[in-house]
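Only one structure is covered here, and it is reproduced in the block below.
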Amino acid sequence: AQTVTQSQPEMSVQEAETVTLSCTYDTSESDYYLFWYKQPPSRQMILVIRQEAYKQQNATENRFSVNFQKAAKSFSLKISDSQLGDAAMYFCAYRTYSGNTPLVFGKGTRLSVIA
Amino acid sequence: DAGVTQSPTHLIKTRGQQVTLRCSPKSGHDTVSWYQQALGQGPQFIFQYYEEEERQRGNFPDRFSGHQFPNYSSELNVNALLLGDSALYLCASRPTGGLSYEQYFGPGTRLTVT
């Protein structure tokens with residue numbers, strides 16, 4: 001079974017600084033998706049960024065970028081120029097590439113942004 | 001577009017009771033999944049409905065059941081509630097013929113069992 005591990009229960013960052021959230025996963029599949037979701041206090045789960053395993057290039061979405069290391073099964077999220085609105089729970093998630101399989105989530109990292 | 005909607009927002013029940021949670025998927029979506037998110041944990045997959053049938057199920061007991069209606073909306077039913085069922089219940093929808101990564105979440109229903 002696939003598993004996702006987030007080893008940092010809590011992180012904090014100064015406003016305008018950069019922070020990196022870690023995620024490792026375990027799978028025997030070769031094709032899959034990896035995601036970072038943001039869950040603010042409003043509870044709405046929002047997709048931040050996704051990475052297809054077959055792509056070597058790391059995904060980037062504005063201030064958010066990932067470092068995807070397939071061999072090491074590592075998928076970290078870098079947030080640049082942190083803003084107060086970035087404060088939230090961040091979940092790393094995995095799903096297989098084919099079929100209608102469900103998401104497998106990590107336990108999450110609570111990010112605080114200090115003004 | 002209203003996105004994925006869930007009702008009610010909050011719910012308080014007593015041990016042993018039964019509860020029904022509701023989800024309306026995003027317009028154009030026909031596949032609905034339910035997740036349970038216990039406090040301090042990541043969401044865990046309960047089951048998925050498509051064409052009014054349960055297609056996949058996670059590691060949850062039979063006390064958890066569901067239904068999907070012809071308009072693609074869905075219900076999650078939990079019988080014989082336990083204290084451990086207290087959690088945020090998230091509904092997610094996606095279009096079956098759409099991109100594999102597309103999945104949109106609702107704001108969840110917070111269930112408290114006393």
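Side-chain atoms are counted along with the backbone in the values below, which use heavy atoms only and exclude waters and symmetry mates. Residue numbers start from 1 in every chain, and the chains themselves are labelled A, B, ... in the order their sequence lines are given, proteins ahead of strands. All values reported here derive from a predicted model rather than from experimental measurement.
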Next item on the list: Following the transitive rule for hydrophobic clusters with a side-chain heavy-atom cut-off under 4.5 Å over Ile, Leu, Val, Met, Phe, Trp and Tyr, establish whether B/Y104 and A/Y90 coincide in one cluster.
Entry: no
Check: Are there more than 12 heavy atoms of other residues, nucleotides or ligands under 6.0 Å from atom CD1 of A/I114?
Finding: yes
Next item on the list: Would you indicate whether B/R55, at its atom CZ, is surrounded by more than 12 heavy atoms from other residues, nucleotides or ligands within a distance under 6.0 Å?
Entry: yes
Note to self: I'd like to know which of B/P107, B/S33, B/A92 tops the heavy-atom pair count under 4.5 Å against chain A.
What the structure shows: B/P107
Next item on the list: Can you establish whether the number of heavy atoms outside A/K78 located under 6.0 Å from its atom NZ is more than 12?
Entry: no
Check: Taking all non-hydrogen atoms of both residues, which atom of B/Q103 and which atom of A/Y37 are closest, and how far apart?
Finding: O-OH, 4.1 Å
Check: Taking everything shown except B/Y72 itself, do over 12 heavy atoms lie less than 6.0 Å from its OH?
Finding: no
Note to self: Does A/K107, at its NZ atom, have more than 12 non-hydrogen atoms belonging to other residues, nucleotides or ligands within less than 6.0 Å?
What the structure shows: no
Notebook entry, point to check: Under a 4.5 Å heavy-atom cutoff, which of A/Q39, A/R110, A/Q6, A/Q44 has the most pairs with chain B?
Noted result: A/Q44
Checklist line | Region of A/L103 in contact with chain B, defined by heavy-atom distances below 4.5 Å | finding: both
Next item on the list: With chain A as the partner chain, list the residues of residues 38-52 of chain B whose heavy atoms fall under 4.5 Å from it, by residue number, and write 'none' if nothing qualifies.
Entry: B/G40, B/Q41, B/G42, B/P43, B/F45, B/Q48
Next item on the list: Could you tell me which non-hydrogen atom of A/P102 sits nearest to which non-hydrogen atom of B/Q56, and how far apart they are?
Entry: CD-OE1, 3.4 Å
Margin query: With clusters defined by side-chain heavy atoms of hydrophobic residues (ILVMFWY) lying less than 4.5 Å apart, directly or transitively, does A/F91 cluster with A/Y32?
Written below: no
Notebook entry, point to check: Got more than 12 heavy atoms from elsewhere within 6.0 Å of CG, B/N59?
Noted result: no
Notebook entry, point to check: Side chains of B/R110 and A/R43: does their closest heavy-atom pair fall under 4.5 Å?
Noted result: yes
Margin query: According to a hydrophobic-cluster definition based on side-chain heavy atoms being under 4.5 Å apart (Ile, Leu, Val, Met, Phe, Trp, Tyr only), do B/L11 and B/L88 belong together?
Written below: no
Item checked: Part of B/Y35 lying under 4.5 Å from any heavy atom of chain A -> side chain
